[in-house]
Protein chains: 2
Amino acid sequence: MATIKDVSKLAGVSVATVSRYLNKNGYVSKEAAETIAEVIEKLNYRPNNIARSLAGMKTATIGLMVPDILNPFFPELARSIEDAANEYGYTVMLCNTDNDSAKEQKYIDTLIQKQVDGIIISSYTIKPEHLTGLQKQSIPVVLMDNVFSSDSIVSLTVENRQGGELAVQHLLEQGCSKIAHICGPLSITSSRDRTAGFERACRGTNWFMPSLIGYSDFTVKGGYTAMMDLLALHPDLDGVFASNDLMAAGALKALQETNHKVPQDVKVIGFDGIGLEMLNPELSTIAQPIFELGKTAMDALIGLIRKENDIMTDQVFPVTLRAKQSTMN
Amino acid sequence: MATIKDVSKLAGVSVATVSRYLNKNGYVSKEAAETIAEVIEKLNYRPNNIARSLAGMKTATIGLMVPDILNPFFPELARSIEDAANEYGYTVMLCNTDNDSAKEQKYIDTLIQKQVDGIIISSYTIKPEHLTGLQKQSIPVVLMDNVFSSDSIVSLTVENRQGGELAVQHLLEQGCSKIAHICGPLSITSSRDRTAGFERACRGTNWFMPSLIGYSDFTVKGGYTAMMDLLALHPDLDGVFASNDLMAAGALKALQETNHKVPQDVKVIGFDGIGLEMLNPELSTIAQPIFELGKTAMDALIGLIRKENDIMTDQVFPVTLRAKQSTMN
DNA sequence: AAATTATATGAAACCGATTACACATCATAA
DNA sequence: TTATGATGTGTAATCGGTTTCATATAATTT
């Protein structure tokens, strides 16, 4: 593997000149530039990024921590972040944390040691004390789905509560008169907010009662069993709002298996907007702008890394109703 | 950020001794070790991986190139690889190539510059000439779903043809008497093999005719339209084998929309074994051992990196029938 | 008692880049 | 004509580690 020294020798200039040529800073004469270019071509020289990072303190690498890439929400997020990172010339390190504090802490340590330029964390379980290490090393962080105020940390969230309200509103508009809710883990802020939205929208209706809320865990299977339980309690329900799409898919399955027609008998709406196009009927959902979230996260991170003065502040993204067959007849 | 020099100074020993202590090689007296440990604790010192990599030529990082993490097959693969990598103390860089040669080439260059210790490539489009750069830098490669013989490259594949046969066989056993096939991109070797398996299994039956094969593209939508076309041509078909699960899901949807009962009227089977548990009925499939594939890929890569003498050779993994509701009544 | 061998340590080279600084040349302004 | 600034280049320090080699002492062998 050719090094900058090899290039400098063969080109008859100093390594400094080659470096200047490579980074396009400082003066380099036209002749020198041409010779260097030729030699680089000839040797098929590629700068060693590791050495570059050591000298320049930048790795052009970011860490992306997600709970579990198997959850279909996260590939979409990862993809949008990776695309954006790629445009900025950055590479992404993928870390699955399983919402496990120990794993999170370990990955944060690893990423610090690998000198990543920044980290995007999508985690329900991250705690302030985990981030202090990053703050100490002044490694920029963008936090998704979680708020934690600090000047080297930007938080991006969506309007979860409004989304919950929107879902109920839509179901009501479609003629539902008894709406159940499958809520996600109470440990997750955004999950609680979605449920809060549901409750607020139900407040004052004459049909609402607490037993219309089923407690689940954001999984298909969880949504399925929660729906079964709800049906046992309320055979006459005619609408369901699940706090994420996976649970909604599970609910849909439970309804179909118990011979409820969707959307004729019962209407179903989820939350997140992941593309579950294989479902029949297709699922209505309160969609997060996932790609925009990823892109914005990367933009914000770059801003923090470059210490631009117009650093992005915390943002709350709107959600939108995406009505499909599961609520329309 | 504390450096090894800070530690050595405060501990009253040389950096060499600290380095020996850190890497547990060479001699370090008990007293020295204790003092160093204390100082490290006190300074909260963490070795800088970049410097380590530069000196030691190892980055403890691997690259993972996949076509698109949005395709549900790849999160499973990525997850299993990441888990295995993590156990070995390695970190994973995620690269989406979109089966685009230019992107692949660019990522390979980037990964070389970042000095990854090895690369796992899952790509339909990779060509030998793309790998020569890696060979030149003697960067180990594990290739999935693609065979390319070389001593620094290990290929892992599955028994695609046998899987295709297995699918047909299963449908026949379940009583099907006219089986259609939705095949994937012909540019993909494993896709062609699955179709070859289908054809071989159909050979000699009295009902088979070429128009029972629909050509598609491995997507849900593609499977949907292919199924619609097949139904128009052969309203009497009673079984479908799709070359991957996404197309099978699309086919399922098309069948349901056209009021065909699955599995009573038509039985459907896919290929891959991705967990599409939200489908109703659940999809039978020819399952690849995805997690085992990922784990093995990582094991093989580590073997190549460490230059172990019992380097793993190319492997072909068996596939298994996973019968679910879509073929059982 | 002398010769080995095992244990322990530090100085300095090295990994492959960036960059501050010194110095030289040439063109332009005063 | 001289001062000044722009242009161009090389030397050497630096980033934060690892590793070779020389050296010294303690523990075993013979």
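If you're wondering where the values come from, they're calculated on a predicted model, not measured in any experiment. Protein chains get the first letters and strands the later ones, always in sequence-line order, with residue 1 at the start of each.
Using a 4.0 Å cut-off between charged nitrogen and carboxylate oxygen, B/Lys42 and B/Asp6 do not count as a salt-bridge pair. Ion pairing between a basic and an acidic side chain is recognised when a charged N comes within 4.0 Å of a carboxylate O; B/Lys106 and B/Asp100 show no such pairing.
Note: NZ (A/Lys9) to P (D/dG10) measures 14 Å, nearest angstrom. Regarding A/Tyr21, its OH atom lies at a distance of 16 Å from the P atom of D/dG10, rounded to whole Å. Rounded to whole Å, atom P of D/dC15 lies 20 Å from atom CG of A/Asn49. Put simply, CG on B/Asn25 is 9 Å from P on D/dT18, counting in whole angstrom units. B/Arg20 places its CZ atom 11 Å from the P atom of D/dT19, with the value rounded to the nearest Å. Atom CD of A/Gln113 and atom P of D/dG17 are 9 Å apart (whole Å). Between B/Ile50 atom CD1 and D/dG17 atom C1' there is a gap of 11 Å when expressed in whole angstrom units. One interatomic measurement links the two molecules: NZ of B/Lys5 to C1' of D/dG16, which rounds to 8 Å at whole-angstrom precision.
In this structure, the side chain of A/Lys114 engages the main chain of B/Ala60 through a donor-acceptor pair within 3.5 Å. Between the side chain of B/Thr157 and the main chain of B/Asp145, no donor-acceptor pair closer than 3.5 Å is present. The backbone N or O of A/Ile121 lies less than 3.5 Å from no partner atom in the side chain of A/Ser123, so there is not a single donor-acceptor pair. Within the 3.5 Å criterion, the main-chain N or O of A/Val15 finds no donor-acceptor partner in the side chain of A/Ser19.
Atom CD1 of A/Ile290 sits about 9.5 Å away from atom CE of A/Met144, to the nearest 0.5 Å.
Residue B/Tyr45 is classed as a sugar-phosphate contact, given heavy-atom separations below 4.0 Å to backbone atoms only. Counting any heavy atom pair closer than 4.0 Å across all strands shown, A/Thr3 reaches sugar-phosphate atoms only and no base atom.
One cannot find a donor-acceptor pair under 3.5 Å joining the base of D/dG16 and the side-chain atoms of B/Arg46.
Take the nearest nucleotide of DNA chain C for B/Lys30 and for A/Asn23: the residue whose nucleotide is more 5' is B/Lys30. Residue whose closest nucleotide on DNA chain C sits further toward the 5' end, between B/Thr17 and A/Thr17: B/Thr17.
First and last contacts of DNA chain C with chain B, using any nucleotide atom under 4.0 Å from a protein heavy atom and ordered 5' to 3', fall at C/dA6 to C/dG16.
A close approach under 4.0 Å does occur between a side-chain nitrogen or oxygen of A/Tyr27 and OP1 or OP2 of D/dT7.
Picking from D/dT11, D/dC15, D/dG16 the nucleotide with the shortest atom distance to the side chain of A/Ser14 gives D/dT11.
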